[in-house]
Amino acid sequence: MMKLENKNILLGVTGGIAAYKAVELLRLLKKAGANVNVIMTDSAQKFVGKTTFEVLSENPVLSDLFFDTESSVKHIELATRAHAAIIAPATANIIAKLAHGIADDALSTTMLAVTCPVMVCPSMNTDMYQNIRVQRNLDILEKDGWHILDPDSGVLACKTIGPGRLPDPWFIFDRVEAMLVKKDLKGKNILVSAGPTVEPLDPVRFISNHSSGKMGYAIARAAEKRGGQVTLVSGPVSLMPPIGVECIDVQTCEEMATQMLANFDQADIIIKVAAVADYKPLDPKAGKIKKKENDKDLSILMTQNPDILKLLGKKKTKGQFLVGFAAETDDLEKNARLKMEKKNLDMIAANIVGSSDSGFKADTNKVKLFFRDGSSFDIPLMGKDQVANILIDQVIEKME
Ligand code: PMT
């Protein structure tokens with residue numbers, strides 16, 4: 001299922017230079033399965049033409065209450081069926097009108113009739129944005145329960161440097177998704193580990209594994225969207241840090257252990273997705289290991305790393321829910337249950353690895369969850385974001 005499938009989204013575009021970014025936002029919303037209706041102010045149309053939004057949304061654009069529609073109550077119909085409304089970019093003018101209930105064009109009139117969650121994305125010159133009247137109006141909207149997305153700072157179109165730039169469309173999209181998610185992890189601290197660990201052999205070489213971090217990052221992202229306070233301890237990966245998540249970068253198993261233990265006590269749910277190196281070189285060299293012409297073979301003595309999850313399992317107190325992952329190629333259930341027992345876990349996600357669409361590096365995953373009470377739950381092959389949400393559903397259910 002796509003993320004916003006069957007959702008009706010109202011996208012209000014007002015007259016700012018950032019109106020072009022609303023086009024990309026529309027594309028992202030459409031790609032996620034949403035039905036988008038665009039409402040433009042007159043000044044927005046001075047920046048981007050109506051046709052662009054009409055073609056991409058596959059819906060007529062509303063800009064004039066009297067000429068654009070076959071029905072005199074089209075705006076009420078759009079407002080009533082909307083699951084979310086976004087105003088991006090939002091000028092000082094529309095913000096003032098919305099704050100004071102003025103209805104003198106298609107957008108401001110429609111917005112008086114919406115009852116769904118609303119996100120307002122201010123974008124304007126820094127002095128305008130910081131003007132006490134604009135800030136006062138934004139406060140009014142926020143107190144009324146609307147979401148205000150702070151603008152980015154940077155060099156603006158007017159050459160001013162400061163806050164006022166509309167955030168990137170993918171960022172707005174991410175926050176809209178978050179706005180629509182039920183906050184069933186509100187008040188909970190979630191600690192997640194992700195990615196591989198790397199164990200140095202010398203200053204230029206290391207031992208590691210194929211974990212991309214995708215599964216762990218998907219869990220951290222989903223937990224944040226569901227209202228959790230998330231800390232992510234991550235080995236080296238090439239992924240964007242999830243929005244709203246505290247990220248702690250580590251390299252080795254020792255470093256991961258230190259950070260997981262430091263953040264463990266305040267965590268309610270701990271999910272250890274990271275693929276940790278069980279062994280590390282006993283004696284990593286200070287200088288680069290040189291190739292010796294006469295020695296065909298090279299032996300490296302390895303020593304065991306601490307088992308972080310086992311340490312956490314020993315420390316676990318009542319009320320904490322500890323989840324491990326197990327990457328298995330065979331004897332899935334037997335091996336997973338054994339690990340759950342040995343490490344004192346509440347749940348283990350057994351990950352079928354060895355095929356290109358599941359486990360390491362893949363965008364999809366196939367997982368079977370085993371619980372302490374003997375029960376199990378199958379998650380068939382699906383995107384890692386979806387797996388993350390189902391896994392969290394199961395954790396919440398078992399914690400209740
Ligand atoms: O990152 P991706 O590319 O998205 O891939 C995801 C994944 C395949 C890495 C992930 O879904 C997964 O299966 N992670 C666990 C992999 C693993 O190392 O399993 P394991 O059987 O070696 O370890 C079992 C559990 O003990 C894991 O939760 C692991 O974090 C933990 N462990 C292991 C060794 C160790 N020294 N300390 C640990 O804490």
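Excluded from the calculations below are hydrogen atoms, water molecules and symmetry mates; all remaining heavy atoms, backbone and side chain alike, are included. Every number for a ligand or one of its atoms is a count from 1 in the order of the listing.
Taking only nitrogen or oxygen atoms, main chain and side chain alike, Gly324 does not reach within less than 3.5 Å of ligand 1. The shortest N/O to N/O separation between Pro306 and ligand 1 falls below 3.5 Å.
In this structure, Phe321 is a member of the same hydrophobic cluster as Ile379, with clusters built from ILVMFWY side-chain heavy atoms closer than 4.5 Å.
Only the backbone of Lys361 comes within contact range of ligand 1, with a heavy atom under 4.0 Å; no side-chain atom does.
Lys50 and Ser63 are linked by a side-chain donor-acceptor pair at a separation below 3.5 angstrom, with hydrogens and angles left out of the test. Side chain to side chain, Thr160 and Asn125 meet the donor-acceptor criterion of an N or O pair below 3.5 Å. Using modelled atom types and a 3.5 Å distance limit, the side chains of Asn335 and Glu328 yield a donor-acceptor pair. Side-chain contact annotation: Ser375 with Asp373, donor-acceptor N/O pair under 3.5 Å present.
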Starting from the C-alpha separation in whole Å, work towards a yes-or-no answer on side-chain hydrogen bond (donor to acceptor under 3.5 Å, both in side chains) for Asn365 and Ser358. CA-CA 4 Å; Asn365 212 0; Ser358 179; 3.2 Å; yes

Show, in sequence, the C-alpha distance, side-chain angles and deciding distance for Glu199 and Thr197, and conclude whether the side-chain hydrogen bond (donor to acceptor under 3.5 Å, both in side chains) test is met. CA-CA 7 Å; Glu199 310 295 338; Thr197 61; 3.2 Å; yes

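Near Met215, with a cut-off below 4.0 Å to any heavy atom, the atoms of ligand 1 are 4 (O), 6 (C), 11 (O). For ligand 1 and Lys214, the ligand atoms under 4.0 Å from any heavy atom of the residue are 1 (O), 2 (P), 4 (O).
Residue, atom and distance of the protein heavy atom nearest to atom 13 (O) of ligand 1 are Asn351 OD1, 3.4 Å. Closest protein heavy atom to atom 21 (O) of ligand 1: Lys339 NZ, 2.4 Å. Ile308 N, 3.1 Å is the protein heavy atom nearest to atom 37 (N) of ligand 1.
Checking Pro196, Ser358, Ala327, Ala362 against atom 16 (C) of ligand 1, the nearest heavy atom belongs to Ala327. In the candidate list Phe325, Phe360, Tyr217, Phe360 is nearest to atom 5 (O) of ligand 1, counting heavy atoms. Summarising the contacts of atom 33 (C) of ligand 1 with His210, Lys310, Lys343, the nearest heavy atom is found in Lys343.
Both the sub-6.0 Å distance and the 45° axial angle are satisfied by Lys398 relative to the ring of Phe371.
Within the 3.5 Å criterion, the main-chain N or O of Ala388 finds no donor-acceptor partner in the side chain of Arg221.
A heavy-atom separation below 4.0 Å is not found between Gly216 and ligand 1. For the pair Lys384 and ligand 1, a heavy-atom separation below 4.0 Å is found.
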